[in-house]
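Proteins come first, then strands; the chains are lettered A, B, ... in the order of their sequence lines, and each starts at number 1.
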Amino acid sequence: MTLLSAIRSRLVILIPYVWLLFFFLLPFMIVLRIALSDLEYGSPPYTPQFSLSDGWSGIWDKLSTLDFENFAFLVGDSLYINSYLSSLKIALISTLFTLAIGFPLAYGMARAPDRIRPTLLMLVILPFWTSFLIRVYAWIGILKQEGLLNQFLLWLGVIDTPLEILSTNTAVYIGIVYSYLPFMVLPIYSALDKMDESLVEAARDLGCTRIGAFWKVTARLAVPGVLAGCLLVFIPAVGEFVIPDLLGGSGTLMIGKTLWIEFFNNSDWTVASAIAIILLIVLVVPIVWFQNAQAKAAEAGK
Amino acid sequence: MPSLGNIRRSFAPWEDPAAKPYISFQNVTKRFGTFTAVENLSLNVYEREFFSLLGPSGCGKTTLLRMLAGFEEPTEGELYLDGQPLKGVPPHKRPVNMMFQSYALFPHMTVADNIAFGLKQDGMAKPERDERVAQMLKLVKLEQFAGRKPHQLSGGQRQRVALARSVAKRPKLLILDEPLGALDKKLREETQFELMDLQQELGLTFMIVTHDQEEAMTMSDRIAVMDKGVIVQTGTPAEIYEAPNSRYVADFIGSVNILEGKVTPAGEGRIVLDGPDGRITGAVRDGAPATGETAWFAIRPEKIEIGRTPPEGAVNRLEGEVWDIAYLGDMTIINVKLASGTVVQAATLNRFRLVEDPIGYEERVWLSFNPDSGVVLRS
């Protein structure tokens with residue numbers, strides 16, 4: 001009986017590892033292997049292909065043809081480097097805007113009367129019920145030359161010629177901020193919601209002004225939520241493809257789009273894979289930093 | 001009239017008409033929407049007093065404290081601290097510190113940083129601040145826990161950190177919201193005495209909210225019993241216990257037997273109550289009820305004698321059957337059911353280890369008590 005339960009408890013621990021092996025590590029190894037291969041016109045469009053009939057020495061010969069050529073190519077071409085930098089910049093600015101809008105929203109929700117809080121939470125989650133793609137498409141209708149926004153502003157008399165927003169980076173920012181706002185609001189809300197409100201009162205009682213108490217207590221205790229929200233927005237925003245493709249213009253340079261072009265327009269799987277690998281490495285840095293910060297926050301208690 | 005035992009007789013500024021109140025609530029009303037939490041309440045508390053607000057939850061006692069701390073403003077009426085009106089003064093500008101029921105310790109700070117928080121806000125220099133923190137840690141005996149985070153402490157230790165933090169700024173008034181509510185009984189009793197010592201040592205005015213009558217009795221100079229937003233009675237613990245002014249107060253503090261009857265005057269400051277339980281003679285303290293009015297005689301269980309034979313010469317005596325016996329060690333509580341069906345509680349002190357023939361269940365017994373041992377209540 002105890003042996004059985006011991007095995008069972010081991011199994012429970014094993015499941016996530018098996019999951020990671022099959023759905024993360026294995027796909028990663030396949031992408032890495034393509035990134036190290038050479039381009040070849042054929043199907044699949046890379047070489048070498050491994051086969052069991054090669055025998056040990058054959059496999060070894062083929063393995064030795066794997067190299068970092070594609071990575072060297074990426075580093076050598078400023079287009080790719082610029083794509084990475086531009087993606088990081090767009091993601092970073094979008095994240096800051098999302099935080100600037102998301103924090104007050106989450107704060108307002110957490111301080112709202114208990115009665116209406118579930119409704120507010122529902123409103124934040126509601127957009128998820130419509131396809132992401134359709135929501136981004138809808139923004140075309142809002143932002144285009146004769147779109148709703150321009151019509152509205154013209155009607156108000158704020159502008160007399162329609163603004164050119166669609167097909168610019170501004171549209172991409174709007175799209176990212178809109179699409180990822182719930183990912184910012186929810187973790188911050190959860191951090192603020194579980195905070196004891198008497199902490200703020202205690203700070204005010206001990207000599208803080210309202211604003212002082214907000215910074216020293218509320219904002220400080222919301223840090224884990226803010227970090228989680230920023231990463232949940234920043235990481236997918238860096239690799240975003242749909243939003244720059246639909247709302248951005250020819251001048252919008254983002255790595256997701258570059259990857260798409262390499263993969264589908266140039267049929268260059270090897271370079272596309274190399275781009276993906278470097279993107280992953282670029283993103284692992286903030287993830288590791290976040291996990292460290294979270295571990296520290298957990299150590300600091302609740 | 002013989003006095004009700006006041007333990008701290010030397011300290012009674014509320015009896016001195018010339019004394020200036022330190023805290024003064026003047027006709028204060030507080031409404032939240034349609035709900036009235038505090039209604040037209042006036043109260044004076046004096047410097048260095050240990051004052052308790054006692055009442056069931058929702059009676060408005062916490063609202064009263066929060067108005068004093070500055071978290072709520074009165075809807076009507078005025079609030080004065082040391083003669084100064086408090087209207088519009090924000091919490092951080094009041095010379096008042098509060099100890100919160102939840103302790104409200106900052107989870108991201110160490111014990112020392114929690115205590116230093118208020119001092120830092122005041123811009124106290126670091127050496128002085130460190131010295132004060134060390135002094136506070138010593139006061140609450142937590143020197144070796146300075147570097148811990150609140151979640152690494154036990155409930156009792158957290159309570160002491162909260163206390164140290166709230167007195168670190170040397171406020172003139174400390175308000176405590178259910179300070180011992182989260183502690184277990186033994187720790188609570190110890191801490192009660194610690195709080196009293198601390199108050200004496202620092203010479204502060206304490207205003208404390210509690211729903212625990214024992215806690216209020218133990219620590220306070222005076223107690224205000226509250227119900228539904230009004231103060232029902234204010235007095236020393238002895239006054240509240242021995243001379244409650246209503247059945248509500250009598251019942252809220254300690255155990256009490258309440259016997260109902262119609263009033264007939266009996267002279268010499270006494271009246272007779274004729275009710276379902278028989279005829280009871282009681283002493284009137286102030287304001288004798290009119291003839292024919294319904295009144296109640298309230299008597300504490302420990303003031304009732306119990307015996308097997310009809311007591312000779314007793315003014316008040318009731319016959320009944322032993323219904324329940326509860327042995328508590330130091331005393332025994334005996335519930336006696338009268339012919340009317342009323343159950344009267346009598347308590348006897350167990351002064352001897354061995355009792356020859358203790359009263360048992362279902363025995364016929366006589367209860368007797370002096371007219372001066374209880375009070376006649378009109379409401």
Contact class of A:A213 relative to chain B, heavy atoms under 4.5 angstrom: neither
In terms of heavy-atom contacts, does CG of A:L11 have more than 12 from other residues, nucleotides or ligands at under 6.0 Å? yes
Residue by residue, which of residues 82-98 of chain B have a heavy atom closer than 4.5 Å to a heavy atom belonging to chain A? B:P91, B:H92, B:V96, B:N97, B:M98
Whether over 12 other heavy atoms sit under 6.0 Å from A:F152 CZ: no
Just how far is it from atom CG of A:D205 to atom CZ of B:R165, taken to the nearest 0.5 Å? 8.0 Å
Of all the heavy-atom pairs spanning A:L206 and B:K169, show the shortest one and how long it is. O-NZ, 2.9 Å
Around atom CZ of A:R117, are there more than 12 heavy atoms from other residues, nucleotides or ligands closer than 6.0 Å? yes
By residue number, those in residues 63-75 of chain B with heavy atoms under 4.5 Å from heavy atoms of chain A are B:R66, B:A69, B:F71
What residue in A:D196, A:T209, A:V217, A:V223 has the most heavy-atom pairs under 4.5 Å with chain B? A:T209
Could you tell me whether A:R210 atom CZ has more than 12 heavy atoms of other residues or ligands within 6.0 Å of it? no
Non-hydrogen atoms of chain A under 4.5 Å away: do they reach the side chain of B:L119, the backbone, both or neither? neither
Are more than 12 heavy atoms, taken from residues, nucleotides or ligands other than A:F22, located less than 6.0 Å from that residue's CZ atom? no
Does B:F106 reach the side chain of A:R220, with side-chain heavy atoms less than 4.5 Å apart? no
Please report the shortest heavy-atom distance between A:S198 and B:F100, naming the atom on each side. CB-CD2, 3.9 Å
